[in-house]
Every structure is written in structure tokens, then in C-alpha cells.
S.K.: 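Below is the structure I would like to discuss, written out as C-alpha cells.
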Amino acid sequence: MNAISARNLVKTYGRVEAVNNISFDVKEQSIFGFLGPNGAGKSTTQRILTGVVIPEAGSVEIMGYSLFEQPTEAKQEIGVVPEQANVYGDLTAWENLMFIAEIYCMNKLKAEKRAAELLNLFTLYEKRNFKAKGFSKGMKQRLLLCMALLSDPKILFLDEPTTGLDVESKQIIRDVIRRFHEQGKTIFLSTHDIEEANMLCHEVAIINQGRIAVIDRPANLKQSIQKLNWLEVTFGGRVPEEKEFAGLDGVEQVKKSGHSFILYSSHPGKVIPSLGKLIEEKELELISLHTQEPSLEEVFLHFINNEEAYRKGA
Ligand SMILES: Nc1ncnc2c1ncn2[C@@H]1O[C@H](COP(=O)(O)OP(=O)(O)OP(=O)(O)O)[C@@H](O)[C@H]1O
Ligand SMILES: [Mg+2]
């Protein structure tokens, strides 16, 4: 079953097509990354999916409930940390959580038990009786996550949850995301941090200018751009000329960088035997050779910079 199913979502602000006909499915119990640059439409999409913004067109199902026809049922399944959300500064961490418990009409004892568990998980328990206005940005964000998780939702929506935080808070938040996934939750994670998407997400949608460029597993995305594969060879002794590599089987492009050469190839496996022959013939001294697949960053830039390519591929 799909946890989230979005179809043909459209939202414009004046002339800006913030969300331009977006459709996708998020499988239950997966971590779905929504990756895009500033202004791509990530937050607008999240606001639509969480019932804050009404789109001009399209439909959304949350755990099988239509968000626009059965909003109460759909919203009961979700926990949300919006972009630039804030805690109530004059309340303590504990009071912030109890306030949420009241809004959700939760059983008091159950809410207290869960609040204590979550505060521990986010290493905030010791600070529970301190007013939130004294918290660091990372602590506030961790408290917002506790608040979003208090009602034990099946789906968690996070809009750039680690942006601008210190390393420790980032680490805690990422660990908790993984842990909740292990407990069977679904996570919708908007981010512009490519490494974060690569590390955490099972599937990633690359979004740009209100459109989805591509959706796939990070590993497949990297593989889909075969021509970004490359080999790096380093020589001691005589450093050959770039032109000596011309015509090498399987090599599409050669770039010199210091004593090393970067050989771009769709089929790095083909290059290695012919490279061996070349080294022998030219009596070169090989120091190192390694192959590299494209990083998700290269894939991202490829899709963002090649509108043509992705329109065809989408
Ligand atoms: N309330 C609004 N009024 C007018 N324009 C808006 C509004 N919300 C979003 N936009 C515009 O819609 C586009 C998409 O914005 P959105 O906030 O969804 O992008 P984003 O991917 O979340 O960006 P960021 O990484 O900066 O958070 C932008 O051009 C933005 O200026
Ligand atoms: Mg945003």
C-alpha cells in the first residue's frame, strides 16, 4: 500500500508555478526524499500534502484517505515539522508537549509516558523543565520533532529538518529518522542536502521549478547516468601526454589533473584491459587506479541542468 499518493498537484502564486503538475507515490514504511534547490517547490508540496495549502488542482491520498474529502481521518495519520516552525518559547519543553497532547485530545497518562520517551530519545529529557526560548536552534528542532511524533503518527513530514543545525543535532535527528523507519513509519523528507538524501532515503524525487525531474532509488539514479562514470589513473616517472590516451577502448573523454588522469567512460570495465596494454607499450609507471561512480550530487546537477534530458526521462 502507498502511504502517500499525490496526483497532478498544481499550485501557483501569481505568475510563479510553485507546484506544476506533480504526481508521485510514497510506499508505506519507506523514507522518501524530496530533493531540490531553493524555490523548487518542496515546501509548497509539503504544505499541500499536510492540508495547509489547498492546491488549484490534483488529489492526495494519505493512508488511503482522500485528504480533501476525508481530511480528519487523513490528518490523524500524520505528524508534521513545517519549515520555520517554532516552539512556544514561554512554555517549557514538557509544557510544549502537553499542549500538543491537549490539542490531540490524548489520554494524559499515555501522553506523559510518550513525552518522556521522546524527550529521552532526542536527549532533551534533562532539559524538560526549561523554557524553550532558551534552547539552541538544534534543541528547538529536536523538540519540534518530539511534538510531531507525540500522537504516534504513521507518516512523518519533515521540511529540511537539519538545515542550519550543528553536527550533533543533525546526527540525533538522522538517527531518529532511521529508528522510526525501523519501527514501520513512513517518512517524507524535504531536503536540499544531497548527502542526507543519499544516506537516508530509499527513493528520491529530484524537484526543480515545480516539476519532478526524476524519481528513483539513489543507487539507480547514480547508475542511470553511466557517462558520469570515471577512472582515475596516477603515474610516477614520466607523465604521459593527454593525447596518448586518445583512442583508448571505451574512453569518451580524458582530463588531466596533476600527475593523474580522469578517464570518463560508460563502461569502465572495458577500459582497464586496454589501459594495461597502453601502460606496457609506453613503459609507464602506474601508481594507482580507481573507478568512481557518479555522486548523487553529479546526478542532481545533471538533472537540474539538463531540462531536456529529464523531461524526456520523466
Ligand atoms: N505564500 C507564497 N506567496 C508567494 N509565493 C510563494 C509562496 N510560497 C511559495 N512561493 C513561491 O513558490 C516557489 C516555490 O517555493 P517553495 O517554498 O515551495 O520552495 P522550496 O523548494 O521549499 O524552497 P526552499 O529550499 O528555499 O525552502 C518559490 O518561487 C516561492 O517564491
Ligand atoms: Mg522550503
Side-chain angles (χ1 to χ4, degrees), residues 4-26 31-60 62 67-68 75 78-87 137-138 140-142 144-145 147-148 155-166 169-170 173-174 177 186-201 203-216 218 221 296-307 310-311 314:
I4 306 168
S5 200
R7 286 292 171 276
N8 308 106
L9 300 177
V10 176
K11 176 71 197 171
T12 51
Y13 290 107
R15 283 193 190 160
V16 178
E17 292 170 325
V19 172
N20 186 355
N21 202 24
I22 275 183
S23 301
F24 61 90
D25 292 317
V26 178
I31 305 179
F32 187 84
F34 216 55
L35 179 68
N38 288 132
K42 303 182 295 293
S43 298
T44 306
T45 304
Q46 172 160 323
R47 288 187 198 116
I48 294 171
L49 299 175
T50 55
V52 180
V53 160
I54 308 292
E56 281 125 41
S59 62
V60 177
I62 301 283
L67 180 61
F68 307 125
K75 285 183 192 174
I78 68 175
V80 185
V81 179
E83 187 175 47
Q84 291 168 348
N86 223 334
V87 294
K137 196 171 173 211
K140 283 181 187 157
Q141 184 72 341
R142 273 140 57 195
L144 281 166
L145 271 137
M147 289 156 75
I155 310 174
L156 187 59
F157 286 90
L158 303 173
D159 193 348
E160 306 214 26
T162 62
T163 298
L165 304 188
D166 58 277
S169 289
K170 275 189 185 168
I173 289 172
R174 288 172 183 164
I177 291 173
T186 305
I187 291 122
F188 181 91
L189 173 74
S190 286
T191 182
H192 64 236
D193 185 330
I194 294 160
E195 210 26 58
E196 181 167 277
N198 192 28
M199 270 188 310
L200 290 176
C201 299
E203 273 198 309
V204 172
I206 294 180
I207 169 170
N208 189 33
Q209 296 179 359
R211 289 196 180 90
I212 289 180
V214 65
I215 307 179
D216 214 329
L221 282 175
L296 194 56
E297 176 159 9
E298 287 169 300
V299 175
F300 178 74
L301 291 173
H302 175 84
F303 279 106
I304 297 296
N305 294 331
N306 292 277
E307 287 212 14
Y310 77 67
R311 296 253 162 85

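What you see is a predicted model, and the numbers here were worked out from it, not measured in a lab. Order of listing sets the numbers, starting from 1, for every ligand and every atom in it.
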S.K.: Look at the aromatic rings of F24 and F32 and report parallel, tilted or perpendicular, splitting at 30° and 60°.
M.R.: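 Correct class here is parallel.
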S.K.: Within a 6.0 Å radius of atom CD on Q84, are there more than 12 heavy atoms belonging to other residues, nucleotides or ligands?
M.R.: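 12 or below, so no.
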S.K.: For the Mg ion (ligand 2), how many protein N, O or S atoms lie at less than 2.8 Å?
M.R.: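 Counting protein N, O and S atoms closer than 2.8 Å to the Mg ion (ligand 2) gives 2.
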S.K.: Is it true that a side-chain atom of K11 and a backbone atom of E17 form a donor plus acceptor pair closer than 3.5 Å?
M.R.: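 No, because the side chain of K11 does not come within donor-acceptor range (under 3.5 Å) of the backbone of E17.
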S.K.: Taking NZ, NE, NH1 and NH2 as the nitrogens, is one of them in E83 or R47 under 4.0 Å from a carboxylate oxygen of the other?
M.R.: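 Yes.
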S.K.: Which heavy-atom pair separates K140 from N86 by the least distance, and what is that distance?
M.R.: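 Closest approach of K140 to N86, heavy atoms only: CD-OD1, 3.9 Å.
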S.K.: Is a donor from one side chain sitting under 3.5 angstrom from an acceptor on the other, for E160 and S190?
M.R.: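 No, S190 and E160 have no side-chain donor paired with an acceptor closer than 3.5 Å.
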S.K.: Are any side-chain N or O atoms of T50 and backbone N or O atoms of Q46, one a donor and one an acceptor, separated by less than 3.5 Å?
M.R.: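 Pair found, side chain donor or acceptor close to backbone of Q46.
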S.K.: Would you name the heavy atoms of Q141 and P161 that are closest together and state the gap between them?
M.R.: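 Scanning both residues completely, I find the closest heavy atoms to be NE2-O, 2.8 Å.
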S.K.: Run through ligand 1 for me and note each protein residue having a heavy atom under 4.0 Å from it, chain first, then residue number.
M.R.: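 Near ligand 1, by chain and number: Y13, V16, A18, P37, N38, G39, A40, G41, K42, S43, T44, E83, E160.
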S.K.: Are a donor atom and an acceptor atom from the side chains of E56 and T12 found within less than 3.5 Å of each other?
M.R.: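 Result is yes, a qualifying pair exists.
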